[in-house]
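All of these numbers come straight from a predicted model, not from anything done at the bench. Every chain is numbered from 1, with letters handed out A, B, ... down the list of sequences.
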Amino acid sequence: MRKLKLAHYIFTGCEGCSSTLIDLLVNHPDLLDRFEIVSSRIIGYTGIVESDIALVEGSIMTKHELEKAKKIRENSKLVIAYGSCSYILFVNNLKKLVKDTELKQIYKDNIPAEPHIEPKSLTKAIKVDYFIPGCPPDPDEAYKILTNILLGKKIRYPDKLVCYECRQKNIPCLLEEGKLCLGPLTMMGCGAQCPLYSSPCWGCRGPATEADTDIFEKAIKEIEIDPDILRRKLHMLLGDLRE
Amino acid sequence: MKVEIKEIPRIEGHGGIEVNVTSTGDVKVLFKVTEGIRLFESFVKGTDVSDVPMLTSRICGLCSVAHIIASAKALSNALKIDLPENITMVRSLLLQLNTIDSHLIHIIFLSLPDIVNTQSFLEFQPLMKQHVLELIRMRDLVRRIVKTLIGNSIHGRNVVPWGFTWLPPRKDIENYSEQLEKTKDYLKNFAYTLSEIIEKKGIRERLYVDRKANYMSLYNKECYSLYHGLIALNNNPIFTENNLIKGIKEISVSYSTAKKTLLSNNEPYFVGALARLNNNSKNLSKEALEALDILNLNLPSYSPFDNILAQYIEVIQLLSSSIELLERYEPRPYSVEYKIKDDVFHGIGVVEAPRGVLIHEYTIENNKVKYANIITPTVQFISDLEEYISMYVKKVISISSTINEDVLHNIEAIVRSYDPCLSCSVHYIPI
């Protein structure tokens, strides 16, 4: 069987996704029998080349990156947004809350060589075929999606909320403890990783289809929450997905 | 004459190098970071103190733990939270494990191809591939320990300024020290292999420039620590966490989205594994000293290539100390009581990230961040990197007067030996 050509591209982000790709290959070495890696800066091959699948991490933050994203689309049969910066912007969406005056103050006379643009997720910048959510994405979920693509199976994303996983695992509800937990808005699939460690969900997998922020805000009225902090958290969770 | 490498492969982040040689033989080197700007210090403003570690973690996926711990340390310093020893021990352990993880990635994927002289680890001979596999398994083990402790190997879930939201019971980590112990022999054996290849391929000499330079790292009298201590410059512990920022200055340049720092006397300095070894050689374990000998590393060293060897020696050093900390692991109490305070607080936290000195500084008002300043290791060594490459190019053109393909490869290898982390470097620093 012909090996599929896999390209890995990185836009602006923390590159934790790259790190999980190494985990993916270590835990599932069979992937190297099915895929030939044709581009990846981490591995040592740079440049945009023709591929069957492009795994793309990071957000589009400069003009140059936007051009590159378009070129990737032209050269790849399938494009997968890998990780939440690529899928919905997530943390990088906070850049939109930084005021212009503050930006000017930062650069003063030294305007950086790379013109920055309003941040875009890959999903908004070009047509994306699939996505692998999470910050960081789960290598096992990535494996499942990649093998399903290989087998020509339909990719299904979980449609339930993180709350569902908390209930399955008998994790005490953090909202009931008065903590701002975004579990009731977030797509499940992470195993309720944060609540499992008594830490509120940040919604890093993006909103579930049924997520309704209005209902959520009404429901949490009893908890004393700083409206500005709530706004920032929802801004990350929703990213630019519903824009 | 002007030569440019637009995108350097096998580094963390997007960056290139421009070398300008004037007719009089002067050399100017520009390290251009083209990564998009991410403005983390602005992102953090307005954040509740409990969320800062998890947010700053997103600055870098390779050293997320270092950002988590540095911010938690700065905030516990600011809020004057007195942490019990078992909590600071877990913080130290996390830094050590993160450093082993990051070093192994750098050695295996980013630097070993330079040493062996291939473009990628995928082109290694079968025997070397076996070695790589062994080291990757080791990294995988280390990452599993981190995941057990903080919920994920990247962007840990449970760190707050007053400790942890929860820590796993002892039984969850019990088997790990034994598993780590088993890797020790292998590491020693591979040090011999590494030493032989380096000798055979002659890369150390190829990249060598005779020079002296400034180096900075944490310094601790008692043990090799990435968390506790004063900050030493050239073996002199002259800075405290609070006055370090006054000892360095930041400059911004138009050719790069990253800024850079210099000492207050305008001289560059380097940070990272080699700086740590230079400053803390007295606290090295028996196994680490043995590896120092096998790899022929004489301290203090000023050669960037030796930074790769220093990373390898640190893997050995930190493995032993991690085993010790795992054996002393005590998950309770995982936090101290913290009551929200409405006053204004200011605090600085300095830790050793894998790539060197990492500084987080915050002002807190009404339990939210009002001001943040983060100075990453890469920002600190960019000036030294530019200076070293310009010295290297001067040496080359004094012999052959041209910059050929091989020289360009060597320049790339020098950049990689510093192990720059460009995601970290473009989080932006306010003037």
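- Proximity to chain A is limited to the side chain of B:Asp140, based on heavy atoms less than 4.5 angstrom apart.
- Taking 4.5 Å as the limit, every side-chain heavy atom of A:Tyr197 sits out of range of all side-chain heavy atoms of B:Asn152.
- For A:Thr46, the part lying under 4.5 angstrom from a heavy atom of chain B is the side chain only.
- A salt bridge does not link B:Arg144 with A:Asp23: every distance from a Lys NZ or Arg NE/NH1/NH2 to an Asp or Glu carboxylate oxygen is 4.0 Å or more.
- Residue contact with chain A, scored on non-hydrogen atoms closer than 4.5 Å, is absent for B:Leu167.
- Here B:Asp51 pairs with A:Lys233 in a salt bridge; the nearest charged N to carboxylate O distance falls below 4.0 Å.
- Taking the side chain as every heavy atom from C-beta outward, B:Ile154 and A:Thr20 approach each other to under 4.5 Å.
- Of the listed residues B:Lys32, B:Arg143, B:Arg137, the one with more heavy-atom pairs under 4.5 angstrom with chain A than any other is B:Arg143.
- With values rounded to the nearest 0.5 angstrom, A:Glu36 atom CD is found 9.5 Å from B:Leu122 atom CG.
- Identified by a heavy-atom distance below 4.5 Å to chain B, the contributing residues of residues 185-193 of chain A are A:Gln193, in residue-number order.
- With a 4.5 angstrom heavy-atom cutoff, B:Val132 does not touch chain A via any of its atoms.
- Top candidate by heavy-atom pairs under 4.5 Å with chain A, chosen from B:Arg58, B:Gln119, B:Glu7, is B:Arg58.
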Open item on the list: Working note: B:Lys368 + A:Asp226, criterion salt bridge (charged side-chain N to carboxylate O under 4.0 Å, His left out); need CA distance, chi angles, decisive distance, verdict.
Closed with: CA-CA 10 Å; B:Lys368 288 202 278 188; A:Asp226 184 321; 2.7 Å; yes
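- With rounding to the nearest 0.5 angstrom, the CD1 atom of A:Ile229 is 7.5 Å from the OG atom of B:Ser50.
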